[in-house]
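Scope of the values below: all heavy atoms of this structure, side chains included, with no hydrogens, waters or symmetry mates. A, B, ... follow the sequence lines: proteins, then strands. Residue 1 opens every chain.
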2 protein chains.
Amino acid sequence: MNVRTLCLGILAFDEASGYEIKKAVEDGMFSHFIEASYGSIYPALTQMLADGLVSVREQAQEGKPLKKAYSITEAGRRALKNSLHELPQQDKFKSEFLFQALFRDQVDPQHLEAVFNGQMEYLCDELATIEECRQSLEPGSGHAFVNGYGHAVVSAAIQYMEESRSSLGLPRKPISSDAAE
Amino acid sequence: MNVRTLCLGILAFDEASGYEIKKAVEDGMFSHFIEASYGSIYPALTQMLADGLVSVREQAQEGKPLKKAYSITEAGRRALKNSLHELPQQDKFKSEFLFQALFRDQVDPQHLEAVFNGQMEYLCDELATIEECRQSLEPGSGHAFVNGYGHAVVSAAIQYMEESRSSLGLPRKPISSDAAE
DNA sequence: GACGTAGTATATCAAATTGATATATAGCAA
DNA sequence: TTGCTATATATCAATTTGATATACTACGTC
């Protein structure tokens, strides 16, 4: 699945600018299972506009740059539906954290601790984002299923990390400083 | 982190050919948190050879093509150690399965079921690979930690999927045909 | 015995994608 | 007034993917 289909999927929920699509995959609803950068999003939108899969509405905003709000067209919805009926490719998971963890005996203990805490922070942020979305989802919807999947997986990771502290020779929980932030 | 560092890490455990590195990230020990293709592995090895980070031992095999067994050099180990002390990038997770699940009301029920069963199969295969490695790992090692992380996350996903069958309107478990395979 | 498929092994390349950077404007803080 | 953050679009070199080519063995099957 390419970035075009991905954008089409996001636009199927609501019109959005390239910038907003980036935010959605970076921090928003789609952030825990999708990746895309500006360098692929903008060309995808330009191409789909030429192909008639999306339309633009240019909004001149006071004090802000021109905003191009893209909407999905009927042809776009058909193209999306087609893509949705192809068998999905296998999940891809890349973790530099786990790669580094493999060599834990070759790094300074203080680096290991910093990296471990960084991972914990990242996972907790993910979980917070997932839980924020949680209330606004109708049970039984695709959204609710995906949200629940993310919740299950990230929770399990956090729990495992917490249980592994001692076996990695790390000090007990650093008295939740995240409560202060 | 680039493919060069990734190869260096794998070679730090044992000498390997490009083909064997690919297998390691595809099916082996590294498969659940690393991705790399031939098109990046072979050029990486060639470049690192020129840079003196690895050395080659060419093995003429009877009845098989020439095999180039790459080993990490001292310079390579230093380069790896340096990379290991950089802060890791955030995890990246891409799931076309979850993307499709988002639009579950727009696809045929039979497609949804096929995709769901495909994901289950994939997850169960992952878990099997993880459990296979499990015994040969010394407790407290980096390997054991990473293996445990994978086990925790994949198990949670499988459990969530199983619990979600009914809410997605899918029939009960298709009487484990995997036992027959 | 020919034919297809799977496994071992290296290598290349067009196309897709990333990650960084450039441009521009507003608001807020030091 | 200098720097930082946020909004917003856009480009591009470098990296990476995914597909394909080549070549030989082995195994099944028709």
Does [X] put a side-chain nitrogen or oxygen below 4.0 Å from OP1 or OP2 of [N]?
X	N	answer
B:Ser17	C:dT10	yes
A:Lys92	D:dT16	no
B:Gln89	C:dG19	yes
B:Tyr19	C:dT8	yes

Are [X] and [Y] packed together at the side-chain level, in the sense that at least one heavy-atom pair is separated by less than 4.5 angstrom?
X	Y	result
A:Met1	B:Phe99	yes
B:Ser31	B:Glu26	no
B:Thr129	B:Asp27	no

What integer distance in Å separates [X]:[atom1] from [N]:[atom2]?
X	N	atom1	atom2	answer
A:Leu49	D:dT9	CG	C1'	14 Å
A:Ile21	D:dT7	CD1	P	15 Å
A:Leu45	C:dT17	CG	C1'	15 Å
A:Arg57	D:dA8	CZ	P	12 Å
B:Gln90	C:dT18	CD	P	14 Å
B:Glu58	C:dA9	CD	C1'	12 Å
B:Glu20	C:dT10	CD	P	8 Å
B:Ile41	C:dC13	CD1	C1'	16 Å

What do the steps show when you test A:Val107 against A:Val115 for side-chain contact (heavy atoms from CB on, under 4.5 Å), and what is the final call?
CA-CA 11 Å; A:Val107 295; A:Val115 166; over 6 Å; no

Mind telling me whether B:Tyr149 and A:Tyr160 have parallel, tilted or perpendicular rings, with 30° and 60° as the class edges?
perpendicular

For B:His32, give me all partners under ring pair (Phe, Tyr, Trp, His ring centres under 6.0 Å), at least two apart in sequence or on another chain.
none

Partner set under ring pair (Phe, Tyr, Trp, His ring centres under 6.0 Å) for B:Phe116, not counting sequence neighbours
none

Any sub-3.5 Å donor-acceptor pair from A:Ser155's side-chain atoms to A:His151's backbone N or O?
yes

Judged by atom type as modelled, is there a donor-acceptor pair below 3.5 Å linking the side chain of A:Thr5 to the main-chain atoms of A:Ser83?
no

Taking the ring centre of each residue, are B:Phe33 and B:Phe93 less than 6.0 Å apart?
no

Residues from residues 80-87 of chain A sitting under 4.0 Å of DNA chain D, heavy atoms only?
none

All pairs passing salt bridge (charged side-chain N to carboxylate O under 4.0 Å, His left out) where residues 125-140 of chain A contributes a residue, at least two apart
none

Examine A:Leu168 and A:Met120 and state if one hydrophobic cluster contains both, with Ile, Leu, Val, Met, Phe, Trp and Tyr joined whenever side-chain heavy atoms are less than 4.5 Å apart.
yes

Between the protein and nucleotides 10-12 of chain D, which nitrogen or oxygen pairs are less than 3.5 angstrom apart?
residue	atom	partner	partner atom	Å
D:dA10	OP1	A:Lys68	NZ	2.6

Under a 3.5 Å cutoff on both atom distances, Watson-Crick or G-U, what's the dot-bracket for DNA chain C ([ ] crossing, | other strand)?
||||||||||||||||||||||||||||||

More 5' along DNA chain C: B:Ala69 or A:Met1, using each one's nearest nucleotide?
B:Ala69

